[in-house]
Amino acid sequence: MAYLGVIISMLVIFGGLAWLLFRSIKGREVERRVIFVFIFVAVAAPILFPITFEEHASPVVKGLFDHIDTLPPGSRVLISFDYDPAMAPEVQPMANAISFHCLDRGHKVVFMSLWATGQTLLFNTLEDVIRPEFPDLIDGVDFISTGYKAGNEGVLNVIVSDFKKMFPTDVNGVPLDSAVIFDEINSCADFDLIVALGGGRPGPKEWVLFVGDPADVPIGVGVAAVVAPQLYPYYPRQIIGMLGGVKGAAEYESELAHRHERFKNMAQPGLKMMGPQTLAHIVIICFIVIGNVAFFRSRRREGR
Amino acid sequence: MRRTTYIVVAGVVLLFGLSWVLHAVSMSGEADGIERAFMITMAAFLTLAIYSFLYKDNPFYKFAEHLYVGVSAAYWMCQAFWSTIVGNLFPRLSEGLSNYFQQPYQASGWNITYWIPVILGIMLLMRLTEKYGWMSRWPLAMIVGTTAGLNFVRYLRSDFVVQVSSTFMPLLGEDPHRWQGFGAFISNLDLSATGQLAAIVSNWVIFFGVICGIIYFYFSKEHSGAFGRASRLGIWILMITFGASFGYTVMGRISLLVGRITFLFRDWLEIIS
Amino acid sequence: MKHRFLIVGLLLLFGLSSVWAQTEPPVVDSMVVDSTELFPAAVSDVQVVDKPNDHGHAVIVTWETSADDGGGKNNVLRYEIFYSTSFDGPFDSVGAVPAGTGEFRHIGSKEPLDSAFVPDYTDLFYQIDAVTADPTIRTTSDVLGPVQCSGQWFNTGRIPVLVAVLIFGLLTAFFVLSAKRGKKLYVRPIGGIEAVDDAIGRATEMGRPILYVLGLGSAADVATIASFTILGRVAKRVAEYQTELIVPTYDPIVMSVAQEVVKSSYFDAGRPEDFKEDCVHFVTQSQFAYVAAVNGIMLRELPATCVYMGKFFAESLLLAETGSLAGSIQISGTDEIAQIPFFIVACDYTLIGEELYAASAYLGREPKLLGSLKAQDWAKAAFVALAIVGLLAANFEWFEFTTLFQVID
Amino acid sequence: MRRQIPFGLVFIFGIFMVFQFFVPHEKSEWVYEFLLDWIIVIGIFALALGIWSLFKVSVEKIKQGKEGGNYSYITLVGLYMMVAFGFTQQTGEGWGLYFLWIMLCSACIVSLMRLRASTDSGKKRMWALASVGFLVAAVLVAIFDDAWAFFLYTPEGLENSMFEIFFDHIMMPILATMFSLLAFYIASAAYRAFRARNVLASLLLLAALLVMSRFNPVIPGAEYVANASNWLMNVPNLAAQRAIVIGIGLGIVGTALKIILGIERGYMGRG
């Protein structure tokens, strides 16, 4: 059923575009409302019938993926959720995929947040990924959530040398001293990898400057698309890998689905969101081409 | 014409009612399900009313537009009243007034000066009279003067003095991407931020791009000869970046549409989960 | 005599004890010894000064990093800074900086009730801890101080701006005066400016109104003020041609100013009786509600010409596309960089950034208004010259020049 | 004289702000903060002007009998209802006669509008009577209904569930939908305008195509396209932005200086 929908909508979109191209070769312009219909279909069809495209992880994304994949099981990873609901559509898919990947590889994961709004989103990831996918893992042994702590960069300055000073207990009020996972973790320097998700301030940039550089811990980041160009200069010296926007999330998910059988059957929101994006971009590009064809036709006719 | 209008309106009203009833039935187990069903239907109706503008102007769009204008004007009015007048002004004007509005009085010897903006504000309202209309220019002069002074120094600093110093850059790259001879240069043609090409060529492009762009904005000299060519290059660079930022923005706009269509399909029609 | 014995005795004891200490291994918990060895060297050469060029309530603390930071035992991870209002304490922590840093700016609050309040004209004392990975292992420096902080009456860090203000002011004054004396100032043709007059003529021919949108700026935004001048010009033409003008506004103050401007333009054109105040009206102070209303006006009134001048945000493309649907000639100008691409794509003429201000000066039709344009051009020429010199300076590492332009806060 | 005083004020306030920039002392900062506070307060008063203009224009539309003039009722009733929600709040379990009261007040507003719009005196009298009648009824309902109350002194109204519902289910959907119209318009604008008419248009077109094709799953070398578009956004974009920023900055500085010195007077009208 879903396949039928995909085929029909693809036929409608590309058949229609071909017909419009044919018309424009004859020198006819496309009406504005026709363009609107095409955009609507291109966005709505992938939402109704999940149309996904093959994504190939670019080296920037692969850098982070391979690092997580090659760390020996039992390595300690810190994931920080420094974003708000406005950024969540882009960043949450990354958070879920990276959390899944780390836990699936058997790493010990500590979740935290520097943004008050991040704690709810962090809770969502725990509910969506860990509860259903890893019911055997034990809170405090295999993973732990320390929740949100106010203080922005100040928090980073402290946890770089003493984690428990800033986070004496986990999010449920259990002292970190009694958590097995924290037996060998005193400061950020004890982590094998830190993943900073976000895009505002404090965010990935602060993690690099205040923690990554002084404590010499590898840092991977996941950011909203608008911030990505600003973080490029840090790669690959100060950032081992970066996921930029929905596209970065989708690339990570496709890489994960390639290498980890289990992930294939899970929700892949990043890839799903790329469907409308890719189709709509293709449709707009096609319309630009059609417009130019019509333009050159009419100019030739006038030239005669 | 009139008859078709009536038929369409009746059809939409019928569909609205149908959607309300169906939603109410599906939410019958929950508290205030009927109200929520109405609200979801209303939101969907307004969404579609706005989209109908893409076809052409029509009564539904007009309805949504006029409603939105009225409601939003009132919304800002209420917010402004409660946050600025009650929250900020009254606690400074007088103790009695702030007690009346149950706001903590912010005592200070200079609170008397807060009567000045009140008087200026009333002077602004004098516009409504023919005779004292001239008074409204005083508060205006105060606002314009203050912000002109503010903008004068601030922009001179951030958009001129600071920009001068940030245009100073080494054209042969910085460590670790310093010029290492021609062979090394052509062996690393990576456009990502790490390559030597990117580091060195980028500095050249930025430097000459800025200079040519500024020449384009030069008004008191004819753009001819070498000067004209530089100005031409300047506007080319401007156009390239305008094209690039247009292309870059498409993604964000599509995301917005995805959000609305998801609302229609999931919350209203309930055909996806 | 007695003393000599005492001294010799003490020396002997000291010598013996050191021998004993060398031969006998210590019979104490090895952990403690480890940690004594782990204690990093304290920081040295600490200086505390009032932070210059500020409103007071702030102190700068500088120090030489510990010998064990980046060398020696290399175990310092951060420095923690403490302060107190008395020499004997108690000392409160005011912040920490990562290892390798030799400066901390203690910027306090100026509100006496705030917990971070730092008083002016009061003796303050500071201490710095070099902290290792184990926060219990730390070395405290001597108490530093006293230092007093206070506000200054001149910000020396902003001298480059002051120089720029003076030079720019003098240049403007000079060119305005010479324009007043009748000197002709050349201004290169700007695409959109000529279009304005043609577009008004077109509207008259078609018998359709002109829509003028002032954007979302407030009356204090300079872009809006530039737009008022252009509006004045447009309104005068409109009055002469007896066309209709519609000015929906977003901000009530902008509305009342625009009414005033349009009114005086009608006076200037000698047709005060044609002026209708409601042609300039308020819509709402909500971005998209305003757009919805203006879009509605466009499709209902079908203006022959739409002019968008001022500050615009995401609504730029919504307005311009609807305008082109209504078949209007569109002229736009904004200083909001992010929106320029959309106007360029959707409008017939676009004033890019500074061209808006140039157009405003040009359309004001007063030669002295063009004076500042000339000053702006001189500033641009100066920018190019400085950039070239600065480029050479940066390449030949002549840093005295590059630091000249640093505005310090 | 009347004409000169405002320009004097502009000069004084403008020069003060310029000086203030160079004086970091607490005293100068304090005056600066006061001035900014004042501007906000004056702006609030101006809102009354705006609402009055909105009312006047709405009534004018009805008066002229223009097509679609009747929609003005929706604007003003919507405005009134939202304001009413902002100052009232439920006190008991149910809403009582609240909605009747809202209806009565809306009817009163509509009659007032008709009163202003109608021209002949018989109709005027009729609408005047009607509006007084609705007003009295509304006042009676307000007095005798205990289920809800006015909150003119504390912002309970902002938590009125009707206020929130109007915000969440009327304002927000329309706002988000208006915003999302951009997805359609960006496509139609691209189709219409991205044509290789001349060099400038071609450059615009090519840059946009390059950046957009980073989403292309078909063309090989997607990574190079992504890098190139990042480079475009980082490098030429930076150069162009800086050139524009300097131009705009100088434009603002020049215009601000003209305003302070009283050379630019267009914004003040005349008379």
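Just so it is clear, the values below take in all heavy atoms, side chains as well, and ignore hydrogens, waters and symmetry mates. Here is the naming used below: chain letters follow the sequence lines, and residue numbers restart at 1 for every chain. Predicted model only: the values in this text are computed from it and were never measured.
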*Of all of D:I186, D:V41, D:V83, D:L9, which one pairs up most often with chain B through heavy atoms under 4.5 Å apart?*
D:I186

*Segment of B:I240 engaging chain D (4.5 angstrom heavy-atom cut-off)*: both

*Name the region of D:L54, side chain, backbone, both or neither, that has any atom closer than 4.5 Å to a heavy atom of chain B.*
side chain

*Supply the atom-to-atom distance D:L203 CG to B:W236 CH2, rounded to the nearest 0.5 angstrom.*
6.5 Å

*Quick one: of D:R214, D:Q241, D:K258, who has the most non-hydrogen atom pairs under 4.5 Å with chain B?*
D:R214

*Of the non-hydrogen atoms in B:L238 and D:A240, which two are nearest, and what is the gap between them?*
CD2-CB, 3.6 Å

*Please flag which part of D:F16 lies under 4.5 Å from any non-hydrogen atom of chain B: side chain, backbone, both or neither.*
neither

*For chain D, the option from B:V250, B:I237, B:N151 that forms the most heavy-atom pairs under 4.5 Å*: B:V250

*Heavy-atom distances under 4.5 Å only: say whether B:Y216 touches chain D with side chain, backbone, both or neither.*
neither

_Just so I understand: if I count every heavy-atom pair under 4.5 Å between each of D:W30, D:Y185, D:Y73 and chain B, which residue has the most?_
D:W30

*Taking B:R127 for its side chain and D:L49 for its backbone only, find out whether a donor-acceptor pair lies under 3.5 Å.*
no

*How far does CD1 of D:I170 sit from CZ of B:F45, to the nearest 0.5 angstrom?*
10.5 Å

*Given that the side chain runs from C-beta out, which part of D:L35 has a heavy atom under 4.5 Å from chain B: side chain, backbone, both or neither?*
both

*Verify side chain to side chain contact (heavy atoms under 4.5 Å, CB included) between B:D159 and D:I246, making sure each step is shown before the conclusion.*
CA-CA 5 Å; B:D159 286 12; D:I246 291 167; 5.8 Å; no

*Name the region of D:D168, side chain, backbone, both or neither, that has any atom closer than 4.5 Å to a heavy atom of chain B.*
neither

*Can you say whether D:F167 sits under 4.5 Å from chain B via the side chain, the backbone, both, or neither, judging by heavy atoms?*
side chain

*If you count heavy-atom pairs under 4.5 Å between each of B:L125, B:I215, B:I254, B:L120 and chain D, which one has the most?*
B:L125

*asked:* Just so I understand: if I count every heavy-atom pair under 4.5 Å between each of D:I15, D:L200, D:I260 and chain B, which residue has the most?
replied: D:L200

*Worked verdict on D:F34 versus B:Y114 for ring-ring contact (aromatic ring centres under 6.0 Å, His included)*: CA-CA 8 Å; D:F34 256 71; B:Y114 274 92; 5.0 Å; yes

*Determine the option with the most heavy-atom pairs under 4.5 angstrom with chain D, choosing from B:S72, B:C78, B:S255.*
B:C78

*Find the distance between CG (B:L150) and CZ (D:F21) and round it off to the nearest 0.5 Å.*
9.0 Å

_Which portion of D:V77 sits near chain B, non-hydrogen atoms under 4.5 angstrom_ = neither

*Would you mind checking which part of D:I12 comes under 4.5 Å of any heavy atom in chain B, side chain (CB onward), backbone (N, CA, C, O), both or neither?*
neither

*Find the one option among B:V153, B:V69, B:V205 whose heavy-atom pairs under 4.5 Å with chain D are most numerous.*
B:V153

_Heavy-atom pairs under 4.5 Å with chain B - which of D:T255, D:L238, D:L181, D:I259 has more of them than the others?_
D:L181

_Counting heavy-atom pairs closer than 4.5 Å to chain B, which one of D:L175, D:V199, D:T177, D:L210 comes out on top?_
D:T177

*Which one, B:W76, B:F53, B:W138, leads in non-hydrogen pairs under 4.5 Å with chain D?*
B:W138

_Test item: D:T75 side-chain N/O and B:H66 main-chain N/O as donor-acceptor pair under 3.5 Å_ = yes

*Considering only heavy atoms and a distance below 4.5 Å, find which of B:A43, B:G213, B:G252 pairs most often with chain D.*
B:A43

*Go through the atoms of B:F152 and report whether side chain, backbone, both or neither lie under 4.5 Å from a heavy atom of chain D.*
both

*How many angstroms lie between CD in B:Q163 and CZ in D:R242, if you round to the nearest 0.5 Å?*
5.5 Å

*Between D:F11 and chain B, which part of the residue has a heavy atom less than 4.5 Å away: side chain, backbone, both or neither?*
neither

_Once rounded to the nearest 0.5 Å, what's the spacing between atom CG of B:L256 and atom CZ of D:F179?_
5.0 Å

*D:F87 and B:F81 aromatic centres sub-6.0 Å*: yes

*Atom group of D:F184 that falls short of 4.5 Å from chain B, counting heavy atoms*: side chain

*With only heavy atoms counted, which part of B:L48 is less than 4.5 Å from chain D, the side chain, the backbone, both or neither?*
neither

*How long is the gap from CZ on B:F242 to CG on D:L204, to the nearest 0.5 Å?*
9.0 Å

